[in-house]
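Contents: one structure, followed by commentary.
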Protein chains: 2
Amino acid sequence: MAKKSTTRANSESTDDYLKAILTIGGPQEDRVTGNALAEHLQVRPASITGMLQKLSGQETPLVEYEKHRGARLTPAGKRRALEVIRHHRLIELFLHDILDYPWDEVHAEAERLEHFISERMEERIAAKLGDPLIDPHGHGIPRKDGSLPERREVCLSELAAGNTGVVTSVSDRRPDVLRELKNLGIVPRAHLTVTERRAGSRPMRVRIGPASQDIPLTVRLSSAIYVSQ
Amino acid sequence: MAKKSTTRANSESTDDYLKAILTIGGPQEDRVTGNALAEHLQVRPASITGMLQKLSGQETPLVEYEKHRGARLTPAGKRRALEVIRHHRLIELFLHDILDYPWDEVHAEAERLEHFISERMEERIAAKLGDPLIDPHGHGIPRKDGSLPERREVCLSELAAGNTGVVTSVSDRRPDVLRELKNLGIVPRAHLTVTERRAGSRPMRVRIGPASQDIPLTVRLSSAIYVSQ
DNA sequence: AATGCAATTTAGGCACACCTAAATTCTGGG
DNA sequence: CCCAGAATTTAGGTGTGCCTAAATTGCATT
């Protein structure tokens, strides 16, 4: 006999799907295509279909889904997604600040642990860190009530020459990128000026803080950096 | 196609089986019966058989197993079991000392997390705690090399009246027991004297430290306490 | 309206770790 | 030595989440 009545869902996979939908859909909560999900989750499109059917066909559906029309989070789904992201970012900060983890390693560890920590641990970590609102890469940590600290930021790769800004956050998915950024001094709160910019995928050049020399930034790097002006 | 060649095994379940075999078999490494495992793991005996077959039939077997003759860890299995126990106890101490977890809650959390922390995290936690050798309940923390700090302890329920000892460890499996023990002042390093002892399952009586009054201890409690003389 | 390609869904399978029910094997007492 | 009852194993099944291969659907163009 099954443990619960209908097809319940609370697994790691479920969490990952919800996070992905929130991330890809962005704050405007656009509908997300199966393809984009498959790409993001590194899973075959066929698997996406099955999972979306499951997540949308539960007692309390976590996603809204109609054949061929993509998926979107329900309020319950969004709540869970934000909770997992809260876990993730609290853990990242915790690993970095309390356990002295290197900057580029916190993401992978948090990615695993986010699914398994209890409410109590979330609470204890948050308390230890003083209810922080920003993680080591500059991303907002959702509050317990699900609200996300607002940030006004632009991707550096969209900034024209001459502009100056403060780094607000950097993408944390690739450790190698993070290491490079750190070496260049590009971390949240660093000041930065775009000194040169050409069309296409040519490297742009930027000056970091009061440093006298400017440095080239590949697209790979510049698209991982967000700044506010 | 399968991810790995043969039926690999590294799951939570595997860890739990290995820990159980080590725990039940004791330091003498006795062969462990399927029944005992089923009891300990709260799983049907039939499930035990399947898992033991799997664990013993791998490229590098983790258990040694012959039909109807019980199971025993191979060196590789023992190594893994001790690693998981190391994780568990480091996490318990960490939760207690760094995150101010209550005594009776660390076990459950550690039981989940022990499977998911990386080598790096183990290393960082150990460093933060100063490479400790004892967890909050008084159990030895296996060293990185798998060696287990030796302890010479007797179960309190086996102590005759008149004996005096120092509490070395307490069983951590039932939170309610832990809470009672704490209330009574029975924690590792507490001094304790058996003041009265009768046959059977009658409560024994003990005096804690320099306290003038002695208190009754149910078998449930006394069998959860270990002392050295 | 037709067609051709991309996106998506269905169908059928697999590994894992568990379950129940039905053998089987082992063991101790007579 | 036999036999009952206990322990263990086999057989067959479940749910989860993934896979491949083979439909199907939708859409942009012509």
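Residue numbers begin at 1 in each chain, while the letters A, B, ... track the order of the sequences.
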Practice item. Would you check if the side chain of A:Ser169 reaches a backbone N or O of A:His137 as a donor-acceptor pair within less than 3.5 Å? Key: no

Review point. Would one find more than 12 heavy atoms of other residues, nucleotides or ligands at under 6.0 Å from atom NZ of B:Lys67?
Key: no

Point to revise | Nucleotide D:dT20, atom C1' - distance to CD1 of A:Ile48 in whole Å | key: 15 Å

Review point. Is the distance between the ring centroids of B:His107 and B:His88 less than 6.0 Å?
Key: yes

Point to revise | Closest contact, heavy atoms only, B:Ser56 versus B:Pro61 | key: O-CB, 3.5 Å

Check your understanding: Can you tell me if CD on B:Glu39 sees more than 12 non-hydrogen neighbours from other groups inside 6.0 Å?
Key -> no

Practice item. Return the value, rounded to whole Å, for the distance between atom CD of B:Gln42 and atom P of C:dA17. Key: 19 Å

Check your understanding: Nearest-Å distance, CD (A:Glu66) to P (C:dT9)?
Key -> 11 Å

**Study point:** Distance, rounded to the nearest Å, where B:Gln53 contributes CD and D:dA11 contributes C1'
**Key:** 12 Å

**Study point:** Side-chain N,O (B:Ser47) to OP1/OP2 (C:dC19) below 4.0 Å
**Key:** yes

Check your understanding: Taking A:Glu111 as the fixed residue, which of A:Lys19, A:Arg89, A:Arg173 is the one that meets the salt bridge (charged side-chain N to carboxylate O under 4.0 Å, His left out) rule?
Key -> A:Lys19

Review point. Mind checking what makes ring-ring contact (aromatic ring centres under 6.0 Å, His included) contact with B:Tyr226, not counting sequence neighbours?
Key: none

Review point. Between C:dA21, D:dC18, C:dC16, which one does the side chain of A:Val43 approach most closely?
Key: D:dC18

Exercise for review: Could you work out which one of D:dT9, C:dT8, C:dT20 sits closest to the side chain of A:Thr49?
Suggested key: C:dT8

Check your understanding: Within the structure, does a side-chain N or O atom of A:Tyr17 lie under 4.0 Å from either OP1 or OP2 of D:dC18?
Key -> yes

Give me, pair by pair, the N or O atoms of the protein and of nucleotides 26-28 of chain C that are less than 3.5 Å apart, along with how far apart they are.
none

**Study point:** Touch class at under 4.0 angstrom, heavy-atom based, for B:Ser13 against every strand present
**Key:** sugar-phosphate

Check your understanding: Does anything in residues 33-41 of chain B reach DNA chain C, meaning a heavy atom under 4.0 Å, and if so which residues?
Key -> none

Check your understanding: What is the distance, rounded to the nearest whole Å, between atom CE of B:Met51 and atom P of C:dC19?
Key -> 12 Å

**Study point:** B:Ala46 side-chain proximity, nearest of D:dT8, C:dA21, C:dC16
**Key:** C:dA21

Point to revise | Rounded distance (Å) that lies between atom P of D:dA21 and atom CZ of A:Arg44 | key: 10 Å

Point to revise | A:Arg143 side chain near A:Leu133 side chain, heavy-atom distance below 4.5 Å | key: yes

Exercise for review: Could you check how far CG of B:Asp16 sits from P of C:dC16, rounded to whole Å?
Suggested key: 17 Å

Study note, to complete from the structure: Taken to the nearest whole Å, NZ/B:Lys54 to C1'/C:dC18 is 12 Å

**Study point:** A:Arg197 side chain vs A:Met204 backbone, donor-acceptor pair below 3.5 Å
**Key:** no

